[in-house]
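To start, the structure under review is shown below, and the notes come after it.
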There are 2 protein chains.
Amino acid sequence: MSTFLRPRVPDVQNADSAWAICPFCGPHKQCLPPDVLEPYATRLGHISGHRRVARGDYLYRAGDAFTHLHAIRSGDVKTSRVSADGEEQIIGFNMTGDLLGVDAIHDGRHRCNAIALEQSEICTLSFTPLQELFLFMPRLLQHFLQLMAAEIARQQNAIILLGNTRTEQRVAAFVISLASRYLALGYSPTRFRMRMSREEMGCYLGMTNESISRALSNFRRQGVLNVDYRDLEILDIAALRAAAAGLV
Amino acid sequence: MSTFLRPRVPDVQNADSAWAICPFCGPHKQCLPPDVLEPYATRLGHISGHRRVARGDYLYRAGDAFTHLHAIRSGDVKTSRVSADGEEQIIGFNMTGDLLGVDAIHDGRHRCNAIALEQSEICTLSFTPLQELFLFMPRLLQHFLQLMAAEIARQQNAIILLGNTRTEQRVAAFVISLASRYLALGYSPTRFRMRMSREEMGCYLGMTNESISRALSNFRRQGVLNVDYRDLEILDIAALRAAAAGLV
DNA sequence: CGAATGTTTGAAGGTGATCAAATGGGGTGG
DNA sequence: CCACCCCATTTGATCACCTTCAAACATTCG
């Protein structure tokens, strides 16, 4: 990286609140390595806020002017768009550590709704001052670019999933995706509660809630999963992986 | 924007070659407004190169180390990934003005293949020096962020298309997408040649080449399109839009 | 505790995939 | 420049998969 522009952030302690360092994912710090985060914490704290949202609340709506990025500190959120005929179409599910709203950088207007699936804590980041911080903090900028690129890569996976797989394969891949994200957050990857309805899963995966239900039931009959409504346990991860790879 | 970091680029004429200003899309300049581009041209020129590729050539391969971004100066390119079972899965089609490879910023390694659909002219942009330029050129950075966000938005459209539409609707939307991109490039939006095979279209749209062919034939029978192999003419844009909106 | 919503399972029907074959272009080598 | 061959495209027939419609049951939240 360039040596001529080194962060000139004062090395001030800022321990008054955990919220102050939340903009890049708070306690888990998975978005930004601690050694990078530390000197930025103070400045980032100045441009961030936080809110609590209840199940069903909107973080932002399609059409809203884009002013802030939204980071999930805890909880689960879905992002969706509403088509011309008024039907909701889910773009993705997000959980602790995810950063929402970057797509709105394009034209300064949100094109998605972000809706809480349960009570959640949200950090808001004012984007204009963040952009100015980038000029002082090359590693912060680099990190942000990597974040956006990771989002693109994730969406590529979704495109492949939707275009080139059958229902059971798709559901298996989705369950594995959830498991690996819970693992990354330090939760059990084999037992967790799915926060979205079958309807919402189906909307995201391009199938009906009935097909989702049937696929999960099939996996249960095969001894691969233990499904009790939204509680899920992975019994045979190898078989699940095989199903996700299309080896049926 | 910040006033303390204004571009300090020497105002040097740099007219020796059109290639020198190619990094952000050359003659069409659609990526960067001329008044922004002008002062950057010299510096950008220093970090850019160019190549000519023939039909079937790889711009880069999945697994390659990421060093350069690739901008299409002319021609058409497809990006794809190869699944575990060795099948090609097309992520997108790109044409003049598109910037490829941003997804590799995530971990410094390309995850896609980029393959020329026909003879093309490609600009290469060394990413490390570009990152340093960002620190001097806030508007260039802002523009780049907008570019990446636009890519995310485009992929969201693809996800919706794949998940929530039927074949005819999907094909109609694809044709409209091609038309609007040709329009933006100054070409006829109603008569153009499709650069990809039915097979490749199908792979991208999550259907078989036969289904693509049938959908196009149906539109021809209805007087909506004139299809002659890869040559396409839009006869009834209103009907096509209606089909793309799912109003069948 | 009751109503509304979410989930499971069944049966029937439609859409798109698969298999197959004929036709037409385009690229390559002579 | 032409002819050939390979491959893309079109069209048809059959079939599997998933959707649709329907009903029973569980859960959650007021």
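No experiment lies behind these values; they were computed from the predicted model shown.
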Let me know the distance between CD of E118(A) and C1' of dC29(D), rounded to the nearest Å.
16 Å
What about Y187(A) and F192(A), are their ring centers closer than 6.0 Å?
no
Of K78(B), R195(B), R52(B), the one forming a salt bridge (Lys or Arg N to Asp or Glu O under 4.0 Å) with E118(B) is R195(B)
Q222(A) CD: over 12 foreign heavy atoms closer than 6.0 Å:
yes
Roughly how many Å is it from CG in D228(A) to P in dA26(D), rounded to a whole number?
12 Å
Partner set under side-chain hydrogen bond (donor to acceptor under 3.5 Å, both in side chains) for R193(A), not counting sequence neighbours
D231(A)
For nucleotides 16-18 of chain D, list the nitrogen or oxygen atoms of the protein found under 3.5 Å from its nitrogen or oxygen atoms, one pair per line.
| unit_1 | atom_1 | unit_2 | atom_2 | d |
| --- | --- | --- | --- | --- |
| dC18(D) | OP1 | T167(A) | N | 3.0 |
| dC18(D) | OP1 | T167(A) | OG1 | 2.8 |
| dC18(D) | OP2 | T167(A) | OG1 | 3.0 |

Passes side-chain hydrogen bond (donor to acceptor under 3.5 Å, both in side chains), T165(B) versus R170(B)? Steps please.
CA-CA 6 Å; T165(B) 62; R170(B) 216 175 288 184; 3.2 Å; yes
Is R195(A) touching bases, backbone alone, or none of the nucleic acid, heavy atoms closer than 4.0 Å?
nothing
Answer yes or no: is there a donor N or O on one side and an acceptor on the other, between the side chain of R220(A) and the main chain of V227(A), under 3.5 Å?
yes
Between the side chains of D98(B) and R181(B), is the shortest nitrogen-to-carboxylate-oxygen separation below 4.0 Å, so that they form an ion pair?
yes
Determine yes or no for a side-chain-to-main-chain donor-acceptor pair under 3.5 angstrom, with D76(B) supplying the side chain and M95(B) the backbone.
no
Would you mind reading off the distance between E210(A) atom CD and dC21(D) atom C1', rounded to a whole angstrom?
9 Å
Looking only at the side chains, is there a donor atom on one of N218(B) and E168(B) sitting less than 3.5 Å from an acceptor on the other?
yes
If every non-hydrogen atom of Y60(B) is compared with every non-hydrogen atom of G101(B), which pair is closest and at what distance?
OH-N, 3.3 Å
In whole angstrom, what separates R193(A)'s CZ from dT28(D)'s C1'?
10 Å
End-to-end bend of the helix from dC1(C)-dG30(D) to dG30(C)-dC1(D) (five-pair axes, 10° rounding)?
60°
Sorted by number, the residues of residues 217-227 of chain B with heavy-atom contact under 4.0 Å to DNA chain D
S217(B), R220(B)
Could you run down the sub-3.5 Å N/O contacts of the protein with nucleotides 7-9 of chain D?
| unit_1 | atom_1 | unit_2 | atom_2 | d |
| --- | --- | --- | --- | --- |
| dT9(D) | OP1 | R230(B) | NE | 3.0 |
| dT9(D) | OP2 | R198(B) | N | 2.7 |

Does R241(A), at its CZ atom, have more than 12 non-hydrogen atoms belonging to other residues, nucleotides or ligands within less than 6.0 Å?
no
First and last nucleotide of DNA chain C, 5' to 3', lying under 4.0 Å from heavy atoms of chain A
dG6(C) to dT18(C)
